[in-house]
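All values derive from a computational prediction rather than experimental measurement.
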Amino acid sequence: MVDIISNNIVSPLGFSTLQNYTAAKEGVSAVKPFDGYCAAYIDNQLLNNAFSDICAQNPDNYTKVEKAAILSLKSALNNCDVDFCHPKTAFFFSTTKGNVELLDSGDFNNRNIHLWQTAQKISKFFGNENTPIVVSNACISGLSAMISAARALKSKRIDTAVVTGVDMLSKFIVSGFSCLKALSQNPCRPFDIERTGLNLGEAAATVVMRRTENDSKYPKYVSGAIHNDAYHISSPSKNAEGSYRSLCDATKGFIPSQFAFINAHGTSTMYNDEMESVAISRAGLQDVPVNSLKPIFGHTLGAAGLLESILSIGALQDGAVLPVMNFNEYGVSRKINIQSSLGSTDKQYAIKLISGFGGCNAAAVFKKGE
């Protein structure tokens with residue numbers, strides 16, 4: 001079994017999991033209008049102040065990506081008894097773009113540009129000399145890192161895994177999604193007939209996972225699966241093959257009535273939401289409540305799978321089913337069970353579903369702790 005013994009979220013809504021979960025439950029959104037698009041940005045001054053509290057010497061030597069990741073990692077470690085520097089503790093780092101904005105300077109030899117260098121810098125902040133494991137697989141990076149960590153734990157190659165995901169917005173990222181005509185000028189509306197695109201967001205999130213031979217009080221990672229249908233470089237498969245297979249593999253041995261909800265990717269783009277409705281329906285999970293957290297946090301890229309898994313676990317612990325904000329009318333072909341208002345549950349399991357560019361898809365099942 002794999003326990004999730006600690007976690008943290010750093011986002012525009014707060015620098016702790018409790019702050020973020022409370023905001024999500026109360027329907028508070030970090031998404032705000034900017035020049036032609038809506039997004040959720042972390043306040044630079046607040047982040048710098050919080051980082052200065054844990055890094056008194058040379059805090060300016062760290063980028064926004066690194067500051068947020070270190071702050072999240074430290075907060076998660078403070079809440080558990082894990083030795084981050086132990087040889088049997090592995091650090092998994094997930095991101096889609098890392099410090100990509102440093103390329104604007106034209107300094108291609110900058111030692112912070114490569115993802116492995118960023119991961120190493122974050123790890124060494126804590127005195128950890130172990131080689132980090134970098135997972136960069138488009139928007140499923142965060143959940144992919146969790147699944148990879150769980151596999152390493154179950155194989156007994158390591159005893160503990162610390163998984164941190166982070167992405168901050170840059171001109172490169174915003175312009176890229178803009179070129180795809182995927183950004184909305186309004187707050188996003190997952191699965192709604194009036195949806196016009198996604199909102200981007202910034203976040204860092206961390207989970208600490210530990211293999212255990214006995215039952216425990218902690219929430220659990222139960223199972224996970226990753227499938228790539230290689231349908232298109234940016235468009236999802238019309239028959240949702242990869243997402244469907246991920247769902248089927250992750251939920252093997254379960255029946256639909258065991259699940260409290262499915263936390264979908266729910267980007268609010270025309271094709272992603274349609275594809276997920278097909279996958280959920282094909283997998284026989286059309287009656288399970290479906291939600292999305294994108295209207296609250298925006299699409300946080302390499303942090304999304306972690307942030308949304310943490311909040312889904314928090315909802316399970318709270319006996320709650322978080323809703324899809326801004327949803328009014330079905331805009332997908334399959335009649336899945338969209339959760340449009342805050343609900344309650346006494347069920348013990350939830351599903352996290354996510355997809356990304358290049359046809360990558362992932363799903364995981366989590367169990368409530370005692």
Side-chain angles (χ1 to χ4, degrees), residues 10-12 30-44 47-48 51 60-72 93-122 132 134-145 164-185 188 196-205 232-236 265 267-269 271-272 294 297-307 354-360:
V10 170
S11 89
V31 174
K32 309 293 181 188
F34 289 90
D35 186 17
Y37 66 100
C38 285
Y41 285 90
I42 293 175
D43 184 277
N44 289 338
L47 181 64
N48 290 339
F51 186 72
D60 293 337
N61 288 346
Y62 294 86
T63 66
K64 188 175 184 180
V65 161
E66 294 156 1
K67 289 175 182 178
I70 290 169
L71 185 62
S72 178
F93 179 66
S94 79
T95 185
T96 63
K97 293 293 180 284
N99 288 318
V100 68
E101 72 278 359
L102 296 179
L103 291 174
D104 291 343
S105 67
D107 180 10
F108 299 104
N109 294 316
N110 190 311
R111 292 190 60 79
N112 294 314
I113 287 177
H114 296 291
L115 301 186
W116 67 268
Q117 292 168 329
T118 304
Q120 199 170 64
K121 185 176 180 181
I122 293 167
V134 177
V135 179
S136 185
N137 192 9
C139 300
I140 75 168
S141 297
L143 193 60
S144 291
T164 296
V166 62
D167 265 306
M168 299 292 140
L169 302 183
S170 63
K171 289 190 294 183
F172 179 91
I173 291 172
V174 174
S175 63
F177 279 93
S178 180
C179 287
L180 291 171
K181 302 190 182 304
L183 297 183
S184 176
Q185 297 182 17
C188 68
T196 56
L198 60 81
N199 305 145
L200 292 168
E202 296 185 329
H232 188 270
I233 193 170
S234 59
S235 295
H265 194 33
T267 62
S268 194
T269 58
Y271 296 126
N272 173 86
K294 298 298 189 299
F297 298 94
H299 187 349
T300 57
L301 306 176
L306 286 160
L307 179 149
I354 198 163
S355 301
F357 288 164
C360 57

For this session: Please identify each residue that fulfils salt bridge (Lys or Arg N to Asp or Glu O under 4.0 Å) with K121, with sequence neighbours left out.
Result: E66

Seminar exercise, completed: Residue set satisfying side chain to side chain donor-acceptor pair (under 3.5 Å) with T267, at least two apart, ordered chain then number -> T269, N272

Problem set entry | Pair I173-L301, side-chain contact (heavy atoms from CB on, under 4.5 Å): steps then yes or no | CA-CA 10 Å; I173 291 172; L301 306 176; 3.8 Å; yes

Exercise. Of all residues at least two apart in sequence or in a different chain, which pass the side chain to side chain contact (heavy atoms under 4.5 Å, CB included) check with S178?
Worked result: L183

For this session: First locate atom OG1 of T118, then atom OH of Y62, and finally report the distance between them rounded to the nearest 0.5 Å.
Result: 12.0 Å

Problem set entry | Rounded distance [0.5 Å steps], OG in S184 versus CZ in F177 | 13.5 Å

Problem set entry | T300: side chain to side chain donor-acceptor pair (under 3.5 Å) partners, not counting sequence neighbours | none

Exercise. Can you name the residues that form a side chain to side chain donor-acceptor pair (under 3.5 Å) with K64, not counting sequence neighbours?
Worked result: N44, E202

Problem set entry | Interatomic spacing from CG in N61 to NZ in K67 - rounded to 0.5 Å | 9.5 Å

Exercise. For C360, which residues count as a side chain to side chain contact (heavy atoms under 4.5 Å, CB included) partner, sequence neighbours excluded?
Worked result: N137, A138, I140, N228

Problem set entry | Neighbour count >12 (heavy atoms, 6.0 Å) for atom OH, Y271 | no

For this session: Please list, chain by chain and in numerical order, all residues satisfying ring pair (Phe, Tyr, Trp, His ring centres under 6.0 Å) with F172, sequence neighbours excluded.
Result: none

Please output the side-chain donor-acceptor pairs of residues 30-42 that fall under 3.5 Å, not counting sequence neighbours, one pair per line with the distance.
unit_1 : atom_1 : unit_2 : atom_2 : d
Y37    : OH     : Y41    : OH     : 2.7

Exercise. What heavy-atom pair brings T96 and S141 nearest, and what distance separates the two atoms?
Worked result: CG2-OG, 4.1 Å

Exercise. If you take all heavy atoms of L307 and A203, which pair is closest and at what distance?
Worked result: CD1-CB, 3.6 Å

For this session: State which residues pass side chain to side chain donor-acceptor pair (under 3.5 Å) with S170; sequence neighbours excluded, sorted by chain then number.
Result: none

Exercise. Between N199 and K294, does any side-chain donor sit less than 3.5 Å from a side-chain acceptor?
Worked result: no

Exercise. Closest approach of S94 and G142, non-hydrogen atoms and distance?
Worked result: OG-CA, 3.4 Å

Seminar exercise, completed: Here the pair of heavy atoms bringing V65 nearest to N99 is CB-OD1, 3.4 Å

Exercise. With L115, which residues qualify under side chain to side chain contact (heavy atoms under 4.5 Å, CB included), at least two apart?
Worked result: T95, V134, S136

Seminar exercise, completed: The reported gap from CG in L102 to NE2 in H114 (rounded to nearest 0.5 angstrom) is 11.5 Å

Seminar exercise, completed: In terms of heavy-atom contacts, A303 and G165 come closest through CB-O, 3.6 Å

Exercise. Do you know the tightest heavy-atom contact between S175 and K171?
Worked result: OG-O, 2.6 Å

